Asker: 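Here it is: the structure, laid out below.
Note that the structure is predicted; figures quoted are calculated from it, not measured. So you know, we letter chains A, B, ... as the sequences are listed, proteins then strands, and number each from 1.
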Number of protein chains: 2
Amino acid sequence: MRKGLSTERSGGRGENGLGTGGRDEAIYRNLFVAIVENHLAPGTKLPEDTLAETYGVSRTSIRKVLQRLAHERLVDVRLNRGAAVAQPSVSEARDIFSARRIIECGAIGKVVAKAVPAAIDELRELVRREHAAADRGDWREAIYLSGAFHVALIRVSGNETLTEFLTQLVSRSSLVIATYGTPMTSSCRHSEHDDVLDLIAAGDVEGARAWMERHLKDVERSVVLVEEEPSALDLRKVLDEVARRHRGER
Amino acid sequence: MRKGLSTERSGGRGENGLGTGGRDEAIYRNLFVAIVENHLAPGTKLPEDTLAETYGVSRTSIRKVLQRLAHERLVDVRLNRGAAVAQPSVSEARDIFSARRIIECGAIGKVVAKAVPAAIDELRELVRREHAAADRGDWREAIYLSGAFHVALIRVSGNETLTEFLTQLVSRSSLVIATYGTPMTSSCRHSEHDDVLDLIAAGDVEGARAWMERHLKDVERSVVLVEEEPSALDLRKVLDEVARRHRGER
DNA sequence: ACTTATCTTTTTGTATACACTTTCATACCG
DNA sequence: CGGTATGAAAGTGTATACAAAAAGATAAGT
């Protein structure tokens with residue numbers, strides 16, 4: 001089973017106090033993968049009892065996991081109302097992509113500076129796997145590897161804090177795609193990811209930054225095209241509007 | 001009592017699943033403030049029983065709060081070993097300031113674009129309060145308001161996700177200052193914060209970006225000058241080194 | 001006197017129990 | 001027949017209890 005979006009090196013960092021080998025870590029990873037790979041559709045309720053029985057633990061551990069996922073904005077927890085897979089709003093989706101542009105473009109300078117050949121080779125291997133998955137029609141794997149590539153790229157900068165932020169943004173992007181993307185929205189269509197590696201290998205910072213800017217705008221445009229559906233909240237406003245028109249005002 | 005670094009508008013967003021009015025919210029804020037204002041020194045142990053008795057609740061609620069603070073990197077939770085106020089490493093400190101440069105400089109464009117006069121007035125008021133606090137020697141308040149200014153600035157961009165990230169970075173900066181800063185390291189010495197508001201009001205994006213870059217580099221330089229102390233971990237290495245020298249090798 | 005081993009104390013991890021809130025179904029009334 | 005109230009069922013919030021681990025103290029041995 002995969003581990004987060006870490007692409008390899010997650011074998012016990014033992015540094016911070018988040019994934020410190022508790023037995024809930026496995027449960028967390030399971031739920032995390034289920035959500036970002038869209039096995040659980042946005043809005044799906046996540047009752048504590050069900051999860052507790054599923055994983056054979058008590059609700060205590062489940063609650064811990066759910067709160068962690070809530071902090072990462074992958075699930076929504078409302079008071080006395082339980083947890084559900086998050087449904088990012090359109091404005092939240094825009095914020096996510098905007099934040100990704102700022103972080104990924106802003107960090108590309110350090111990425112280029114620190115991109116030793118070995119690091120680039122690892123990234124190329126990731127792209128190769130992504131293409132292989134796409135070629136055999138495994139879209140879920142391809143999308144996953146596409147996200148993993150973006151995270152791995154920033155990791156080269158050596159900034160763990162930024163890498164963590166981006167990891168969250170990439171997983172939330174999966175939710176956005178699941179919520180607003182059309183079936184064929186394969187995020188990075190035929191993945192020009194190799195191109196940016198060429199620019200990085202050539203030491204072309206500005207070129208790489210421009211590529212990233214364009215790439216992320218492409219991804220966003222291919223997804224968030226549709227506006228928010230009525231969604232029961234502005235239902236009242238919509239109906240009022242219809243009523244006014246019907247009465248002949250305007 | 002203050003609320004996070006939110007500077008006003010925290011009166012129940014009811015939107016996400018984090019601060020949804022549970023009774024632990026008050027406990028969280030208490031601990032949060034105690035940590036970022038350095039009433040609790042980095043490294044201070046936070047035993048669950050003590051906190052539970054202090055706030056008159058059970059350990060269950062305390063654990064929830066501690067895990068949230070752990071996710072925000074303000075406390076360190078190690079398996080079977082409890083929680084303690086985090087002690088950011090030098091490399092973590094560098095990552096934090098680097099991330100701040102990328103995010104705050106990257107978002108300044110949207111800040112300028114969206115900075116209506118009313119927003120700028122609010123920011124000026126914040127700077128005024130900061131100066132007032134500094135003038136009367138209330139350094140804690142001045143440092144707090146300085147951080148609140150940076151957060152409020154980014155909030156103007158309208159990107160809630162980035163604002164959350166920066167909120168975390170600013171509070172972690174407080175920990176860095178507490179850990180590595182000298183007593184007089186007042187982060188922003190006589191706070192040139194008014195200057196950037198002039199640039200923003202004038203619509204000078206590049207000027208504001210350059211100002212922010214320089215400002216954050218100044219803050220970092222005034223803090224992280226010192227290298228990591230032995231810190232008990234490389235104690236062995238240090239002692240071995242001393243022993244070798246004593247034996248006359250080299 | 002210093003180190004090592006064992007036992008006690010303290011503290012954390014996890015499960016369970018109970019109170020309260022929400023939700024859904026049923027019955028009552030206009 | 002539609003709408004509202006009442007009550008049962010399900011689900012969450014919080015406290016407590018017990019098991020396991022770490023920290024500390026005491027005693028034995030070198």
Asker: A/Leu66 has an atom CG; how far is it from atom P of D/dT12, in whole Å?
Answerer: 9 Å
Asker: Send over the distance from B/Ile27 CD1 to D/dG13 P, rounded to a whole Å.
Answerer: 15 Å
Asker: Check side chain to side chain donor-acceptor pair (under 3.5 Å) between A/Thr163 and all other residues, then give those that pass, not counting sequence neighbours.
Answerer: none
Asker: For DNA chain D, which residues of residues 54-63 of chain A approach it to below 4.0 angstrom with any heavy atom?
Answerer: A/Arg59, A/Arg63
Asker: Listing time: all N or O pairs from protein to nucleotides 5-11 of chain D that are below 3.5 Å?
Answerer:
none

Asker: Separation of A/Lys64 atom NZ from C/dT12 atom C1', in whole Å?
Answerer: 10 Å
Asker: What is the distance from CG of B/Leu51 to P of C/dT12, rounded to the nearest Å?
Answerer: 9 Å
Asker: Can you list everything that forms a ring pair (Phe, Tyr, Trp, His ring centres under 6.0 Å) with B/Tyr28? Sequence neighbours excluded, please.
Answerer: B/Phe32
Asker: Among residues at least two apart in sequence or on other chains, which ones pass side chain to side chain donor-acceptor pair (under 3.5 Å) with A/Thr60?
Answerer: A/Ser58
Asker: List the residues meeting side chain to side chain donor-acceptor pair (under 3.5 Å) with A/Gln87, not counting sequence neighbours, and say none if there are none.
Answerer: none
Asker: What pairs with A/Ser173 under side chain to side chain donor-acceptor pair (under 3.5 Å), at least two apart in sequence or on another chain?
Answerer: A/Arg100
Asker: Taking only residues two or more places apart in sequence or in another chain, which ones pass salt bridge (charged side-chain N to carboxylate O under 4.0 Å, His left out) with B/Asp138?
Answerer: B/Arg136
Asker: Only counting residues at least two apart or in another chain, list the ones meeting salt bridge (charged side-chain N to carboxylate O under 4.0 Å, His left out) with B/Glu53.
Answerer: none
Asker: Using atom CZ of A/Arg78 as one end and atom P of C/dT22 as the other, report the distance to the nearest whole Å.
Answerer: 11 Å
Asker: Mind calculating the distance between CZ (A/Arg23) and P (D/dA19) to the nearest angstrom?
Answerer: 15 Å
Asker: Does atom NZ of B/Lys45 have more than 12 heavy-atom neighbours from other groups under 6.0 Å away?
Answerer: yes
